Number of protein chains: 2
Amino acid sequence: MARTQGSHSDITGPRVREAALHLFARHGYAAVSMRKIAAEVGVQAGALYNYTPDKQTLLFELMRAHMEELLAAWDAATPPPEAGVRAALEAFTRFHIRFNTRRADAVFVSYMELRNLDPENFNVIEGLRRDYETRLEAILRRGVAEGRFAVAEPRIGAMALIAMLTGVNTWFRERGRLSLAEVEALYWDMVRRAVANQG
Amino acid sequence: MARTQGSHSDITGPRVREAALHLFARHGYAAVSMRKIAAEVGVQAGALYNYTPDKQTLLFELMRAHMEELLAAWDAATPPPEAGVRAALEAFTRFHIRFNTRRADAVFVSYMELRNLDPENFNVIEGLRRDYETRLEAILRRGVAEGRFAVAEPRIGAMALIAMLTGVNTWFRERGRLSLAEVEALYWDMVRRAVANQG
DNA sequence: GGTTTATCTGAACATCCGTTCAAATCAAGG
DNA sequence: CCTTGATTTGAACGGATGTTCAGATAAACC
């Protein structure tokens, strides 16, 4: 036996990545075998190698795609400078929560599986992560320069805020007590006060 | 050949746990074999089973020990009620940063390897984690009740602050630009303002 | 309808996995 | 010094691992 009915690269490729992302998020990269990914797709393990040269690259590409989509999405959602630095910070806060809760699997994998990346792959992902942190850092710096924010260490402030916002993923559930809009409002309130100048 | 010189349970037991904690933190539970742990200790794989019934229990006991030490250490460091709620929050902030940076491996494992726990073991660790969050939540609630803090959702506020504080572990290095005391001060400043009533 | 090409199967590869256990060895107590 | 008990070795177990590849099959094109 060999090629099955309905088989097609345009269909199987995305399904492989979906299955891998889901399984990696749930059980971890090292605990998920190529055979398990193949079973989830409904295919034999060997067929996966039409879509990735190896398991490591499959992980890396998932993480890279996520980080690049994150950066592109934020760059597309960044308010114009004339909207003011406060609007920029609010936009970042809400964007981060919204984007990350909608892609919980990719966020989880991109953070948890860093240690399973080859050194060169790790450096790429780490660079993208730094890029993203720098976006927020720039907002904080501008706010300080304009006398609107009080942040002694903008780089550390950026990392602290991102850690806080990403933490939403550990408890937020779509059908929970609080809507996404309510969660955004709660966190924006904390972010705003954490960096505010007055008070 | 068999028993080697200098072998003793009192020595090997802790060394097994140390090696396991270090390797689990560095490479992840699933990626670390019993043979690798044994090699780090300088022993054959079979000898590990004098100190743990199986690999799963070894992981679980590391996590349980860490969480219980965390709770005991905070309970021992909690300021008396008459010191005031603000002092309690500052003490928690500083305690969390100090304790967690000193035990980075255990913190990392206790968070990252949750998904590798058997369901019943997971429930135990999750319960301990909730206990710890509840300690901070209680401080926030008291602050709100006394009119000193403004926190709309104390449970979520507690999780948000803990996420922010734990984030220190991702970048803090003992010999970095900032001392632990400086980091504590930076974060306490952000925590204080994030929950403050005035402003 | 016949040919080509993309896609998949199924078996095979060497290697590693967690765990068990009899036999061997060392430390401690009398 | 000899016995007893704790500790470790080394081999073995069945099974899972990532990856390769010749052969089989379905889809696409003429």
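Owing to the predicted nature of the structure, the values given are computational and were not obtained by experimental measurement. Proteins come first, then strands; the chains are lettered A, B, ... in the order of their sequence lines, and each starts at number 1.
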Nucleic acid footprint by protein, nucleotides 15-21 of chain C - heavy-atom cut-off 4.0 Å, B for base, S for sugar-phosphate alone: --BBBB-
Qualifying residues under ring-ring contact (aromatic ring centres under 6.0 Å, His included), relative to Y187(A), sequence neighbours excluded: none
F95(A): partners by ring-ring contact (aromatic ring centres under 6.0 Å, His included), with sequence neighbours left out: W74(A), F99(A)
Any side-chain heavy-atom pair of E90(A) and T93(A) under 4.5 Å: no
Verify same cluster id: F122(B), M159(B) (apolar side-chain graph, 4.5 Å):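 Yes: a chain of side-chain contacts under 4.5 Å links F122(B) to M159(B).
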N/O (side chain, Y51(B)) to phosphate O (OP1/OP2, dA6(D)) under 4.0 Å: no
Residue-phosphate contact under 4.0 Å: T12(B) side-chain N/O, dT7(D) OP1/OP2: no
Could you tell me how far apart [X] ([atom1]) and [N] ([atom2]) are, to the nearest whole angstrom?
{"X": "Q44(A)", "N": "dG18(D)", "atom1": "CD", "atom2": "C1'", "value": "15 Å"}
{"X": "I37(A)", "N": "dT17(D)", "atom1": "CD1", "atom2": "C1'", "value": "12 Å"}
{"X": "D10(B)", "N": "dT8(D)", "atom1": "CG", "atom2": "P", "value": "11 Å"}
{"X": "L23(A)", "N": "dG18(D)", "atom1": "CG", "atom2": "P", "value": "12 Å"}
{"X": "R15(A)", "N": "dC8(C)", "atom1": "CZ", "atom2": "C1'", "value": "14 Å"}

Estimated bend of the helix from dG1(C)-dC30(D) to dG30(C)-dC1(D) (axis per five terminal pairs, rounded to 10 degrees):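 Terminal axis comparison yields 20°.
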R129(A) vs M67(A), side chain to side chain contact (heavy atoms under 4.5 Å, CB included): CA-CA, chis, key distance, verdict: CA-CA 7 Å; R129(A) 176 183 311 281; M67(A) 292 305 296; 4.1 Å; yes
Sequence neighbours excluded, every pair satisfying side chain to side chain donor-acceptor pair (under 3.5 Å) that has a member inside residues 155-164 of chain A: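 For residues 155-164 of chain A: E133(A)-R155(A), T134(A)-R155(A), E137(A)-R155(A).
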Donor + acceptor pair across side chains of E113(B), N116(B) (<3.5 Å):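 Side-chain D/A pair, E113(B) to N116(B): present.
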Which residues share a side-chain contact (heavy atoms from CB on, under 4.5 Å) with N100(B), sequence neighbours left out: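 N100(B) satisfies side-chain contact (heavy atoms from CB on, under 4.5 Å) with L70(B), H96(B), V107(B), T166(B), N169(B) only.
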